[in-house]
Visitor: 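Have a look at this one.
Remember, predicted model here, so these are calculated numbers, not experimental data.
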Amino acid sequence: MSVNISADKGTIPAFIQESWQRCISKGLQPSMMDKEDMLGAFELAEYHDRYAELLYHSSPILEEVYHSINGLESILLLAAPEGYIIETVGDPAFIRHADNVSLRKGANWLEESKGTNAIGTAIVEKNPVLIHGSQHFHQDNHFLTCAASPIYHPDGHLLGVLNLSSHQQNYHPFSISLVQRVADSIKQALLLSHTQKREKNLYFIYDSYPDPLITLDKEGKVTDLNSAASHVIGTLEKQVSNIVSGTDPLVLERRVSIKDQEFLVQTLGKNMEHQSSVTVRLKKQKLIDGLTTNRYQFTDIISNDPQMNQTISIAKRASALDISLLITGESGTGKELFAQSIHGYSLRSDKPFIAVNCSAIPENLLESELFGYEKGAFTGAKSGGHKGKFEAADGGTLFLDEIGDMPLQAQASLLRVLQERSVTRVGGHASIPIDVRVIAATNKDLQKEMEAGEFRADLFFRLCGLSLKLPNLRSRKDLLLLAEYILADLPYKSEYTELTVEAKTFILEYSWPGNFRELQNVLGQAAFLADKGPITRDMLVALCPVSSITNEEGAIADREPRNFQEQETQLIRNALERTGGNISNAAKQLDIGRNTLYRKMKKYGINFQK
């Protein structure tokens with residue numbers, strides 16, 4: 001059976017006739033359907049992150065609807081606006097049948113990929129549609145009856161498409177009404193969530209949060225205080241406004257002294273619609289010999305580099321989100337500095353920050369170190385047992401440094417803990433609930449580690465709620481600023497110690513493979529050797545491997561990709577090089593579909609010739 005374009009328009013809806021015409025104009029053939037336009041595992045995970053809010057609110061609704069129609073051989077599908085299916089719930093037998101036509105998670109069902117179909121046509125029509133049997137453009141899909149409805153975000157943009165598919169003999173006219181009602185339920189759940197967030201306006205912490213909270217209007221005038229702020233400051237007096245005004249209230253972060261107490265002013269939340277108000281927190285600083293117990297804050301990060309400043313801005317925004325973070329970068333780029341700063345800027349800042357170097361703990365002790373152990377768990381165990389780092393960090397942040405060096409067995413145990421949010425001590429049976437934010441860091445390329453089977457992909461996606469890549473020193477634009485800062489902070493630097501012009505030129509030319517730690521070490525030694533004189537180029541050369549001096553051509557050729565687009569472009573070019581330009585083989589190596597690879601090549605202007 002084939003598509004009958006000349007069918008009586010009285011029997012075939014006009015929108016289906018128009019869809020068929022679109023498919024023919026794109027060169028599609030009813031007997032040939034593209035089944036290779038699929039997302040790879042990494043791309044699918046990106047879509048899950050991008051539409052996490054939609055998945056969160058729709059998943060329980062889909063499960064409830066499926067149970068109500070259980071017994072029918074059918075499948076409920078949730079697709080992104082780009083046409084890719086990101087969630088499926090349904091009858092196992094029908095799921096296996098649907099898999100034959102790529103009606104599964106990760107497949108693209110836009111019209112240009114799968115012809116006239118409920119998902120793709122609903123995206124075009126922007127309305128609920130019912131596509132039954134031979135109304136599908138491709139013959140392979142004629143066994144289906146499908147109804148789909150768009151799901152709109154509360155702000156009006158298309159957020160996804162809900163689809164119900166079954167065997168065509170199970171056709172029922174109620175199906176389009178059902179998907180429309182379910183789509184409306186999902187939209188209402190999203191709307192309720194957004195309304196609650198706006199109405200709360202951090203209301204719960206005003207009543208119970210232990211730190212002083214102050215709300216300011218856009219002119220910096222104090223409009224509200226919580227009880228903790230009232231105890232510290234008193235009533236809404238003019239002097240309170242003077243404490244936090246005089247600067248842009250949306251970017252406040254500075255230390256203030258109030259009644260002989262030290263506080264750090266931090267932006268906590270703002271009215272995103274009109275930017276009419278901002279809530280700030282006065283974080284009390286505990287003093288020990290004049291130093292705060294928080295070792296690092298964002299104010300400790302010295303930078304006049306655009307890339308680093310952007311990374312700092314992203315890290316600050318991420319601090320307020322209670323999600324796992326993965327910090328990548330070469331050794332010496334400041335990964336722990338960022339981890340501590342994020343903790344100190346978050347709502348967990350008054351709780352423990354526990355750091356673990358995964359490469360420094362012997363493999364046979366790593367799990368007991370992380371998860372703890374009961375008495376008698378092994379020879380040498382403490383008689384009363386021992387709680388692990390997860391328990392010690394409860395309520396706060398656990399920093400897993402060098403996560404790329406964690407053994408595979410420990411990775412599996414870590415994944416279970418992150419999924420279940422509880423730990424079981426080595427040698428024990430009780431499950432202990434934990435509330436921990438995990439920040440992981442590595443100087444390894446985890447993508448390559450996963451390809452080599454040395455790092456679990458499921459753990460990577462669990463850890464990488466958001467990724468921060470720290471720039472290496474040789475790519476930064478503020479090397480001389482950092483050098484002057486280091487010299488100014490040395491205890492034995494005299495007022496006469498300075499860098500000669502040649503020494504400054506060397507600092508800009510040298511590749512600094514050890515990054516900030518190497519720069520700090522070299523300048524510290526040079527300042528000592530200078531003995532109150534200037535630091536010369538020869539001194540620096542003597543302390544550094546000359547082979548690491550870069551020239552302009554080498555610097556460009558050897559530098560790492562600076563952003564995701566550069567990294568993805570490089571991966572695609574490498575795959576095409578390895579396969580001699582064979583698109584199918586390159587797509588398999590990249591774990592993406594051929595059409596996806598074509599789109600990315602067009603997007604990045606890659607025109608590879610065999």
Visitor: For the pair Leu463 and Val438, evaluate side chain to side chain contact (heavy atoms under 4.5 Å, CB included) and give the outcome as yes or no after the intermediate values.
Guide: CA-CA 7 Å; Leu463 291 171; Val438 173; 3.9 Å; yes
Visitor: Is Asp405 salt-bridged to Lys444, going by a charged N under 4.0 Å from an acidic O?
Guide: yes
Visitor: Can any side-chain N or O of Thr311 pair as donor or acceptor with the backbone N or O of Gln307 at less than 3.5 Å?
Guide: yes
Visitor: State, without any angle test, whether Thr500 and Thr536 hold a side-chain donor-acceptor pair at a distance under 3.5 Å.
Guide: no
Visitor: Using a strict 4.0 Å threshold on nitrogen-to-oxygen distance, state whether Arg517 and Glu330 make a salt bridge.
Guide: no
Visitor: Within the distance-only criterion (no hydrogens, no angle test), does the side chain of Trp512 pair as donor or acceptor with the backbone N or O of Ile507 below 3.5 angstrom?
Guide: yes
Visitor: Check this for me: does any side-chain nitrogen of one of Glu402 and Lys335 sit under 4.0 Å from a carboxylate oxygen of the other?
Guide: no
Visitor: For residues 388-408, which residue pairs qualify under ring pair (Phe, Tyr, Trp, His ring centres under 6.0 Å), counting only residues two or more places apart or in two chains?
Guide: Phe371-Phe390
Visitor: Compute whether any side-chain donor of one residue and acceptor of the other, for Ser341 and Gln297, lie under 3.5 angstrom apart.
Guide: no
Visitor: Indicate yes or no: does Asp322 engage Arg348 in a salt bridge with an N to O separation below 4.0 Å.
Guide: yes
Visitor: Please lay out, stage by stage, how Gln520 and Gln525 fare under the test side chain to side chain contact (heavy atoms under 4.5 Å, CB included).
Guide: CA-CA 9 Å; Gln520 192 175 39; Gln525 293 186 66; over 6 Å; no
Visitor: Which distance, rounded to the nearest 0.5 Å, do you find between the CG of Leu519 and the CD1 of Ile486?
Guide: 3.5 Å
Visitor: Which of these, Leu370, Ile361, Thr442, sits in a side chain to side chain contact (heavy atoms under 4.5 Å, CB included) with Met406?
Guide: Leu370
Visitor: Can you tell me if Asp478 uses its side chain to pair, donor with acceptor, with the backbone of Asn304 under 3.5 Å?
Guide: yes
Visitor: Sub-3.5 Å donor-acceptor pair from the side chain of Arg476 to the main-chain atoms of Pro471, do we have one?
Guide: no
Visitor: Start with the C-alpha gap between Leu468 and Leu326, add the side-chain angles, then the distance that decides, and say whether side chain to side chain contact (heavy atoms under 4.5 Å, CB included) holds.
Guide: CA-CA 6 Å; Leu468 290 175; Leu326 178 64; over 6 Å; no
Visitor: Under 3.5 Å, is there a donor on one side chain and an acceptor on the other for Asn472 and Thr333?
Guide: no
Visitor: Taking the side chain as every heavy atom from C-beta outward, state whether Leu481 and Leu479 have any atom pair closer than 4.5 Å.
Guide: no
Visitor: Applying ring-ring contact (aromatic ring centres under 6.0 Å, His included), run through Phe455 and Phe460 and close with a yes or a no.
Guide: CA-CA 8 Å; Phe455 199 87; Phe460 172 82; 7.0 Å; no
Visitor: Check the angle between the aromatic planes of Phe298 and Tyr345 and answer parallel, tilted or perpendicular using the 30° and 60° thresholds.
Guide: perpendicular
Visitor: Among Lys105, Arg50, Lys600, find the residue that satisfies the salt bridge (Lys or Arg N to Asp or Glu O under 4.0 Å) test when tested with Glu43.
Guide: Lys600
Visitor: At what distance, to the nearest 0.5 angstrom, does CD1 of Ile592 lie from CG of Leu44?
Guide: 13.5 Å
Visitor: Measuring only between side-chain heavy atoms, which start at C-beta, is Leu576 closer than 4.5 Å to Met601?
Guide: yes
Visitor: Within a strict 4.5 Å, meaning less than it, do heavy atoms of the Glu336 and Ile327 side chains meet?
Guide: no
Visitor: Does either side chain, that of Asn357 or that of Ser359, offer a donor lying less than 3.5 Å from an acceptor on the other one?
Guide: yes
Visitor: Are Arg462 and Ser324 side-chain neighbours, meaning at least one heavy-atom pair lies under 4.5 Å?
Guide: no
Visitor: For Lys448, give me all partners under side chain to side chain contact (heavy atoms under 4.5 Å, CB included), at least two apart in sequence or on another chain.
Guide: Asp445
Visitor: Could you check whether any side-chain N or O of Thr579 sits under 3.5 Å from a backbone N or O of Ala575, counting only pairs where one atom can act as donor and the other as acceptor?
Guide: yes
Visitor: Looking at Ser346, is its backbone amide N or carbonyl O close enough to the side chain of Ser319 to form a donor-acceptor pair, meaning the two atoms are under 3.5 Å apart?
Guide: no
Visitor: Can you find a pair of side-chain heavy atoms, one from His343 and one from Arg437, that are under 4.5 Å apart?
Guide: no
Visitor: Say whether, by atom type as modelled, one donor and one acceptor occur between the side chain of Asp401 and the main chain of Val356 under 3.5 angstrom.
Guide: no
Visitor: Is it the case that the side chain of His48 and the backbone of Ile86 share a donor-acceptor pair, with hydrogens and angles ignored and the cut-off at 3.5 Å?
Guide: yes
Visitor: Quick check on Gln409: does its CD atom have over 12 non-hydrogen neighbours (other residues, nucleotides or ligands) under 6.0 Å away?
Guide: no
Visitor: Is a donor on one side and an acceptor on the other found under 3.5 Å between the side chain of Asn515 and the backbone of Ser331?
Guide: yes
Visitor: Hey, could you give me the OG/CD1 distance between Ser303 and Ile312, rounded to the nearest 0.5 Å?
Guide: 4.5 Å
